[in-house]
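Reading through the structure tokens given below for one structure.
Excluded from the calculations below are hydrogen atoms, water molecules and symmetry mates; all remaining heavy atoms, backbone and side chain alike, are included.
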Amino acid sequence: MSRKNMLIIVLLLIGIGGMIALEGYIKPRAHAQAIQYEAEQNDPMTHDIRNSLSFASPYMGNAGNFINLNASLPLREIGRTFQLYPEEQMAELRFQAVAGALKEEKLKEFLLYNSTANFVMIDNLEKLIFAFEDQVFSISRDKVETWYGSTESLASLRDAKTWKTEVQSRLQDAEYVSDYVEKLVEQQEAL
């Protein structure tokens, strides 16, 4: 066998081995990691806020920015529509789901996490409404600012490390989360 043929066979074996490794190990592992990452993004406890930081804006009237911000936050797998009310500096997310079908603890975490994220990322948003098919939750910026005791502004929470410390890590304290919802969130039955 010539040296040229031997080189072709070696390269062919390396190519086959590489394809087997790619298709049998690397791709399935990457797919599993992608599924796990997506699941983590739907939970306020494990969500990576860095993906949402690019949607920070001084103005709430940018519909595309508002949609993308909320599509990057937990519960994004639930269908929803939205309505912006620029005159009142208010935004409403209408979820195509029943709030009562969610675990109460996860709903409270969602209300804290997503409302805080919206006020942190959109400087002039004054009121946020989460409307589910059975319940409507309203939250105002002034209450959230008071809650976090931000002397500068909520924008100071735009740093990923600060966010993790001041917002996300506190989700582990069920009493803290319940107090937030009880004191800051106005709740009523849907019409």
Side-chain angles (χ1 to χ4, degrees), residues 28-57 65-80 82 91-123 125 127-141 143-150 152-187:
R29 184 173 177 176
H31 181 70
Q33 287 173 339
I35 290 171
Q36 180 182 352
Y37 179 79
E38 186 60 32
E40 289 171 353
Q41 297 318 295
N42 284 321
D43 186 341
M45 294 277 227
T46 56
H47 180 261
D48 184 357
I49 196 66
R50 292 177 296 178
N51 296 327
S52 305
L53 294 174
S54 64
F55 303 111
S57 172
N65 192 67
F66 181 75
I67 292 168
N68 288 321
L69 169 62
N70 284 283
S72 74
L73 296 172
L75 289 190
R76 62 179 174 220
E77 78 280 3
I78 297 176
R80 68 182 154 272
F82 74 97
E92 179 179 13
L93 287 162
R94 296 182 197 130
F95 290 91
Q96 298 163 350
V98 176
L102 301 171
K103 291 182 182 176
E104 184 179 356
E105 136 193 333
K106 285 297 173 194
L107 177 62
K108 288 178 179 181
E109 289 173 6
F110 159 79
L111 290 170
L112 184 154
Y113 193 89
N114 286 30
S115 64
T116 301
N118 272 276
F119 289 120
V120 165
M121 302 300 170
I122 303 173
D123 294 339
L125 179 63
K127 185 172 183 179
L128 183 62
I129 299 170
F130 295 120
F132 287 84
E133 293 173 357
D134 59 336
Q135 296 177 52
V136 177
F137 305 93
S138 303
I139 306 136
S140 65
R141 171 180 287 284
K143 289 181 179 180
V144 174
E145 285 177 333
T146 301
W147 180 263
Y148 287 103
S150 182
E152 300 166 25
S153 72
L154 288 172
S156 65
L157 295 173
R158 285 186 189 153
D159 174 72
K161 287 183 181 180
T162 305
W163 178 268
K164 190 163 187 88
T165 303
E166 297 298 321
V167 180
Q168 197 167 28
S169 68
R170 294 185 176 178
L171 294 173
Q172 297 173 13
D173 181 349
E175 187 176 330
Y176 178 87
V177 175
S178 289
D179 283 349
Y180 179 97
V181 172
E182 183 180 311
K183 294 175 181 173
L184 276 63
V185 179
E186 295 176 25
Q187 183 177 346

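Of all the heavy atoms in L75 and F95, the pair that sits closest is O-CE2, 4.3 Å. Of all the heavy atoms in E166 and Y176, the pair that sits closest is O-OH, 4.2 Å. In this structure, K108 and S178 approach most closely via the heavy-atom pair NZ-OG, 3.2 Å.
Atom CD1 of I49 sits about 6.0 Å away from atom CG of L73, to the nearest 0.5 Å. Note: F66 CZ to S57 OG = 11.5 Å, rounded to the nearest 0.5 Å.
Inter-residue side-chain proximity for F132 and L107 is flagged as met; some heavy-atom pair is nearer than 4.5 Å. Side-chain contact check for Y113 versus Y180: every heavy-atom pair is 4.5 Å or farther apart. Two residues are said to be in side-chain contact when any heavy atoms from C-beta on lie closer than 4.5 Å; P74 and D43 fail this criterion.
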Stepwise side-chain contact (heavy atoms from CB on, under 4.5 Å) check, V185 with K143: CA-CA 9 Å; V185 179; K143 289 181 179 180; over 6 Å; no

Please determine whether side-chain contact (heavy atoms from CB on, under 4.5 Å) holds for the pair T162 and V167, giving the CA-CA distance in whole Å, both sets of side-chain angles, and the decisive distance to 0.1 Å. CA-CA 8 Å; T162 305; V167 180; over 6 Å; no

Carefully, step by step, assess F110 and F137 under the rule ring pair (Phe, Tyr, Trp, His ring centres under 6.0 Å). CA-CA 11 Å; F110 159 79; F137 305 93; 8.3 Å; no

Using the side-chain contact (heavy atoms from CB on, under 4.5 Å) rule, take L128 and V144 through it: C-alpha gap first, then chi angles, then the decisive distance, then the call. CA-CA 11 Å; L128 183 62; V144 174; over 6 Å; no

As a quick check of understanding, evaluate salt bridge (charged side-chain N to carboxylate O under 4.0 Å, His left out) for D123 and R158, giving each step before the final call. CA-CA 11 Å; D123 294 339; R158 285 186 189 153; 2.3 Å; yes

One pair to check against salt bridge (charged side-chain N to carboxylate O under 4.0 Å, His left out): D48 and R50. What are the steps and the verdict? CA-CA 5 Å; D48 184 357; R50 292 177 296 178; 2.8 Å; yes

Evaluate the side-chain contact (heavy atoms from CB on, under 4.5 Å) criterion for residues R141 and L154: first the C-alpha distance (whole Å), next the side-chain angles of each, then the deciding distance (0.1 Å), finally the verdict. CA-CA 9 Å; R141 171 180 287 284; L154 288 172; 3.5 Å; yes

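In the model, N114 has no side-chain atom that pairs as donor or acceptor with a side-chain atom of N70 under 3.5 Å. Remark: the S138 side chain and the K127 side chain contain no N/O donor-acceptor pair separated by less than 3.5 Å. A donor-acceptor contact under 3.5 angstrom links the side chains of T116 and Y148, judged on distance only.
Looking only at distances, a side-chain donor or acceptor of D134 sits under 3.5 Å from a matching main-chain atom of G100. In this structure, the side chain of Q168 engages the main chain of H47 through a donor-acceptor pair within 3.5 Å. Counting only distance, with no hydrogens or angles, the side chain of R80 and the backbone of I78 share a donor-acceptor pair below 3.5 Å. Of the possible donor and acceptor atoms, one in the side chain of S169 sits under 3.5 Å from a partner among the backbone N and O of K164. The main-chain N or O of A131 is never found under 3.5 Å from a side-chain atom of R94 such that the two would form a donor-acceptor pair.
Shown here is E77, whose CD atom has more than 12 heavy atoms of other residues, nucleotides or ligands within 6.0 Å.
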